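Heads up, the thing below is written out as structure tokens.
Quantities reported herein were computed from a predicted structural model and do not represent experimental measurements.
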Amino acid sequence: MGPERPYLFGLLTSEMHMAWMRQVCGRLESRFCYSKDIVYNNYPFPPAPTEAQRQTVTAAAKAVLTARAQFPGESLAALYDPTTMPPALARAHQTLDRAVDRRYRPQPFASELARLEFLFGLYQQLSAPVLGTTPKAARAKKAAVGHS
């Protein structure tokens, strides 16, 4: 695996990305239909990591892969069944989720809704320059300064 791959694997298998995916991806019957164009390309990746941050996420991602490797005969469906997930794999994912969360902000996220609110706010900030728009708060502040 190249140096970027474990880091990207960590980001994409984290609860942050899973929350985004569950919210924006399409569905086929009851199954998620992951699209690179809608889900991946629009995911607000955290801004440029420091080497220490990259290493923390990479180490946590590798720990997830190591935990999976302890069960070579099991399918991913079996490993990720919430009622039977091996404790070592669950702990590895918890560590990975904390590492990825800290890439976005120091405080933990209390719920999936908190994650989504944060991600959509970041998406709005990141897309504003591309779309030629500014978020509401920035427009309001600019308008208030202009009218002083």
Side-chain angles (χ1 to χ4, degrees), residues 1-50 53-142:
M1 232 185 239
E4 274 300 303
R5 287 184 180 172
Y7 178 75
L8 287 174
F9 170 81
L11 291 177
L12 296 176
T13 58
S14 72
E15 189 55 34
M16 282 298 274
H17 185 72
M18 292 298 155
W20 178 262
M21 185 273 306
R22 286 188 291 269
Q23 185 66 31
V24 303
C25 81
R27 299 251 181 170
L28 181 60
E29 297 171 354
S30 63
R31 300 179 308 263
F32 294 112
C33 189
Y34 192 102
S35 162
K36 69 173 176 51
D37 295 323
I38 294 171
V39 183
Y40 182 85
N41 288 346
N42 292 304
Y43 180 62
F45 282 90
T50 65
Q53 291 168 328
R54 181 180 301 280
Q55 288 304 318
T56 300
V57 171
T58 296
K62 287 179 178 179
V64 166
L65 293 172
T66 299
R68 282 184 184 182
Q70 293 174 17
F71 306 93
E74 294 292 337
S75 68
L76 288 176
L79 286 175
Y80 285 92
D81 181 322
T83 60
T84 60
M85 185 179 205
L89 182 57
R91 283 190 302 275
H93 271 287
Q94 290 166 353
T95 299
L96 174 62
D97 291 340
R98 282 191 302 274
V100 172
D101 285 356
R102 283 192 294 268
R103 285 289 300 110
Y104 286 93
R105 70 178 196 192
Q107 2 10 9
F109 292 92
S111 65
E112 183 161 318
L113 179 59
R115 288 175 192 283
L116 289 170
E117 288 172 342
F118 183 87
L119 286 170
F120 277 101
L122 183 56
Y123 175 81
Q124 186 177 23
Q125 289 173 7
L126 294 171
S127 63
V130 174
L131 300 175
T133 61
T134 56
K136 278 185 187 177
R139 285 195 309 263
K141 184 176 180 181
K142 193 173 186 179

Non-hydrogen atoms of [X] and [Y] that approach each other most closely:
X	Y	answer
Pro6	Ala61	O-CB, 3.2 Å
Ala67	Leu89	CB-CA, 3.8 Å
Gln53	Ala48	OE1-O, 4.5 Å
Val39	Cys25	CG2-CB, 3.3 Å
Tyr34	Leu12	OH-CD2, 4.4 Å

Could you walk me through whether Phe9 and Thr58 pass side chain to side chain contact (heavy atoms under 4.5 Å, CB included), step by step? CA-CA 8 Å; Phe9 170 81; Thr58 296; over 6 Å; no
I'd like to check [X] versus [Y] (side-chain heavy atoms, cut-off strictly below 4.5 Å). Are they in contact?
X	Y	answer
Tyr43	Met16	yes
Thr13	Leu96	yes
Gln55	Thr50	no
Leu79	Pro86	yes

Return the [atom1] to [atom2] distance between [X] and [Y], rounded to the nearest 0.5 Å.
X	Y	atom1	atom2	answer
Lys36	Asn42	NZ	CG	11.0 Å
Leu122	Trp20	CG	CH2	8.5 Å
Arg98	Ser14	CZ	OG	13.0 Å

Would you tell me whether Ser35 and Asp37 have side-chain atoms, one donor and one acceptor, within less than 3.5 Å of each other?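 Checked: Ser35/Asp37 side chains show no N/O donor-acceptor pair below 3.5 Å.
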Determine, stepwise, if the pair Arg103 / Tyr7 fulfils side chain to side chain contact (heavy atoms under 4.5 Å, CB included). CA-CA 12 Å; Arg103 285 289 300 110; Tyr7 178 75; 3.2 Å; yes
Going through the distances and angles, do Phe109 and Asp97 end up as a side chain to side chain contact (heavy atoms under 4.5 Å, CB included)? CA-CA 10 Å; Phe109 292 92; Asp97 291 340; over 6 Å; no
Going through the distances and angles, do Tyr123 and Phe45 end up as a ring-ring contact (aromatic ring centres under 6.0 Å, His included)? CA-CA 9 Å; Tyr123 175 81; Phe45 282 90; over 10 Å; no
For His93 and Tyr80, run ring-ring contact (aromatic ring centres under 6.0 Å, His included): C-alpha distance rounded to whole Å, both residues' side-chain angles, the deciding distance at 0.1 Å, then the answer. CA-CA 11 Å; His93 271 287; Tyr80 285 92; 5.2 Å; yes
Within the distance-only criterion (no hydrogens, no angle test), does the side chain of Arg27 pair as donor or acceptor with the backbone N or O of Glu29 below 3.5 angstrom?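 Checked: no pair found.
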Can any side-chain N or O of Arg91 pair as donor or acceptor with the backbone N or O of Gln94 at less than 3.5 Å?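 No.
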Are Glu15 and Arg22 within salt-bridge range, i.e. N to O under 4.0 Å?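 A salt bridge links Glu15 with Arg22.
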Do Glu74 and Arg68 sit within salt-bridge range, that is, some charged N less than 4.0 Å from a carboxylate O?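 So Glu74 does not pair with Arg68 through a salt bridge.
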Which is it for Leu116 and Gln23 under the side chain to side chain contact (heavy atoms under 4.5 Å, CB included) test, yes or no, and what are the steps along the way? CA-CA 8 Å; Leu116 289 170; Gln23 185 66 31; 3.6 Å; yes
If the plane angle is over 60° it's perpendicular, under 30° parallel, otherwise tilted; pick one for Tyr104 and Phe118.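 Perpendicular: the ring planes of Tyr104 and Phe118 meet at over 60°.
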